[in-house]
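As structure tokens, the structure follows; a few thoughts come after it.
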There are 2 protein chains.
Amino acid sequence: MKHFSDPASCACFNLRKAARAITQHYDEALKPSGLRATQFSILAVLSKLTPAPVAHLSQVLVMDRTTLTRNLKPLVGQGLIAIQPGEEDRRRRCVLLTVKGGKALKAALPHWQAVQEQVIGRLTPARWRRMEKDLEHAVTAAGE
Amino acid sequence: MKHFSDPASCACFNLRKAARAITQHYDEALKPSGLRATQFSILAVLSKLTPAPVAHLSQVLVMDRTTLTRNLKPLVGQGLIAIQPGEEDRRRRCVLLTVKGGKALKAALPHWQAVQEQVIGRLTPARWRRMEKDLEHAVTAAGE
DNA sequence: ATTATTTATGAGTATATACACCTATTTGCC
DNA sequence: GGCAAATAGGTGTATATACTCATAAATAAT
């Protein structure tokens with residue numbers, strides 16, 4: 001009876017599917033900036049709370065700590081971020097946006113904004129507002 | 001004015017975030033079956049249209065063709081699927097579910113169903129029905 | 001029939017994801 | 001002060017993702 005029993009309705013599959021499609025679209029739009037969508041997000045979050053310890057960043061991004069560590073590597077390689085040992089707590093590694101990183105983020109912003117507006121426009125803003133809340137619910141539903 | 005201009009509202013970031021969280025939850029639930037969520041989805045789709053050429057499968061899954069090729073590897077390694085050269089068209093590689101793969105899928109089904117019902121229950125079925133349509137819209141919005 | 005084009009696919013490379021395990025440092029308890 | 005527990009973080013391994021380029025076979029053009 002419940003059509004949710006059909007694996008085609010799998011919440012995981014459908015979320016991943018949409019994430020794949022949207023990521024490809026954003027990656028394409030961000031190409032001129034040299035940043036991937038994930039990298040843009042990391043820099044954007046970082047710009048608001050730099051410097052931040054790895055664990056803190058990973059919580060904000062809802063990203064596994066070790067995943068974040070790997071994702072930081074290419075950014076360090078490009079000199080967009082830097083990692084410094086914590087002053088108080090020497091275990092901590094504080095991630096901070098470099099000047100170059102700030103510029104890269106600023107340069108990527110118009111490209112991101114263009115694709116964001118395009119996608120929201122296609123979805124309609126009302127639907128996206130709804131989706132944003134729904135996706136938040138999904139994160140919560142996965143975590144409790 | 002439009003709060004969508006805030007990178008925190010990035011459609012890509014929010015979709016990926018939710019996909020990460022949900023995937024972890026589904027992977028954990030599917031652990032006893034030995035299948036990852038992605039693998040379960042591939043087997044599930046395959047069970048309905050076996051055998052199918054790689055390109056066709058990738059279209060159904062909304063997954064890049066080369067991504068699918070890589071994702072098939074561990075499944076071939078476990079003997080859950082097999083790949084045969086096409087009869088009519090020798091360029092084609094036809095993917096088919098093996099008997100072992102069918103059994104693995106069948107064994108995983110209750111675990112998937114349990115986590116699926118749990119998640120849909122938490123989201124509420126009405127919201128999930130809505131989300132399913134919205135996610136489909138997102139795929140379309142990314143593709144046109 | 002031969003050649004050009006299109007189509008189906010794999011391989012190289014790079015990023016993204018995360019579990020299990022390990023190390024170093026700090027903190028709490030005695 | 002000294003040691004156990006908790007905390008911050010990285011590495012090994014494996015899967016997931018997709019772009020670019022290369023290959024082979026089928027089809028279209030001549």
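Letters A, B, ... are given to chains in the order of the sequence lines, protein chains preceding strands, and every chain is numbered from 1.
Distances from the side chain of A:Asp64 to the nucleotides D:dA18, C:dC19, C:dT15 place C:dC19 closest. Checking C:dA18, C:dA16, C:dA11 against the side-chain heavy atoms of A:Thr66 singles out C:dA18 as nearest. Set against C:dA8, C:dT13, D:dT11, the side chain of B:Asp89 has C:dA8 as its closest nucleotide. Here the nucleotide nearest the side chain of A:Val54, chosen from D:dT17, C:dG10, D:dG10, is D:dG10. Comparing C:dT26, C:dT15, C:dT17 by their nearest atom to the side chain of A:Arg91 picks out C:dT26. Of the candidates C:dT9, C:dT26, D:dT17, the closest approach to any side-chain atom of B:Arg65 belongs to C:dT9. When distances run from any side-chain atom of B:Arg16 to the nucleotides C:dT17, D:dA26, D:dT20, the shortest one goes to C:dT17.
Whole-Å rounding puts the A:Leu43 CG to C:dT15 P distance at 14 Å. In this entry the distance linking CG of A:Leu35 with P of C:dA14 reads 17 Å, nearest Å. Straight-line distance from the CG atom of A:Asp27 to the C1' atom of C:dT13: 16 Å, rounded to whole Å. Atoms NE2 (A:His25) and C1' (D:dT17) sit 18 Å apart, rounded to a whole Å. Rounded to whole Å, atom P of C:dT13 lies 11 Å from atom CZ of B:Arg70. Rounded to whole angstrom, the span from the CD atom of B:Glu28 across to the C1' atom of C:dA20 amounts to 13 Å. Rounded to whole angstrom, the span from the CE atom of A:Met63 across to the P atom of C:dT17 amounts to 4 Å. If you take CG of A:Leu61 and P of C:dT17, they are 9 Å apart, rounded to a whole angstrom.
Side-chain atoms of A:Arg93 stay outside donor-acceptor range of the base of C:dT23, with no qualifying N/O pair under 3.5 Å. Evaluation of atom-type donor-acceptor distances gives no pair under 3.5 Å for the side chain of A:Arg92 against the base of D:dG10. Residue B:Arg90 places no side-chain atom within donor-acceptor reach of the base of D:dT23, judged by atom type and a 3.5 Å distance cut-off alone.
In summary, of the residues considered (A:Ile42, A:Leu43, A:Val45), a side-chain contact (heavy atoms from CB on, under 4.5 Å) with A:Leu97 occurs for A:Leu43 alone. Between A:Ile81 and the options A:Leu46, A:Thr50, A:Leu96, a side-chain contact (heavy atoms from CB on, under 4.5 Å) holds for only A:Leu46.
Nucleic acid contact for B:Thr38: sugar-phosphate only, since backbone atoms but no base atoms lie under 4.0 Å from a heavy atom of the residue. Within 4.0 Å (heavy atoms only), A:Glu88 reaches sugar-phosphate atoms of the nucleic acid but no base atom.
When all heavy atoms of B:Leu135 and A:Ala18 are compared, the pair lying nearest together is CD2-CB, 3.8 Å.
Formation of a donor-acceptor pair under 3.5 Å by the B:Ser58 side chain with backbone atoms of B:Leu68 is not found in this model. Without hydrogens or angle criteria, A:Arg129 side chain to A:Thr124 main chain gives no donor-acceptor distance under 3.5 Å.
Of the residues near DNA chain D, B:Arg36 and B:Glu87, the one whose nearest nucleotide (by heavy atom distance) lies more toward the 5' end is B:Arg36. Place B:Gln78 and A:Gln24 on DNA chain D by their nearest nucleotides, and B:Gln78 ends up nearer the 5' end. Ranked by how close their nearest DNA chain C nucleotide is to the 5' end, A:Ile42 and B:Lys73 are led by B:Lys73.
At the phosphate of C:dT17, OP1 or OP2 sits under 4.0 Å from a side-chain N or O atom of B:Arg20. Between D:dA18 and A:Lys31, no contact under 4.0 Å exists linking OP1 or OP2 to a side-chain N or O. Between B:Thr69 and C:dT9 there is no side-chain polar atom (N or O) within less than 4.0 angstrom of OP1 or OP2. Within the structure, every side-chain polar atom (N or O) of B:Asn71 is placed at least 4.0 Å from both OP1 and OP2 of D:dT15. Considering only side-chain N and O atoms, B:Thr67 lies nowhere under 4.0 angstrom from the phosphate OP1 or OP2 of D:dT17.
No salt bridge links B:Glu87 with B:Arg92; every basic N to acidic carboxylate O contact stays at or beyond 4.0 Å. Between B:Lys48 and A:Asp6 a salt bridge is recorded (basic side-chain N to carboxylate O distance below 4.0 Å).
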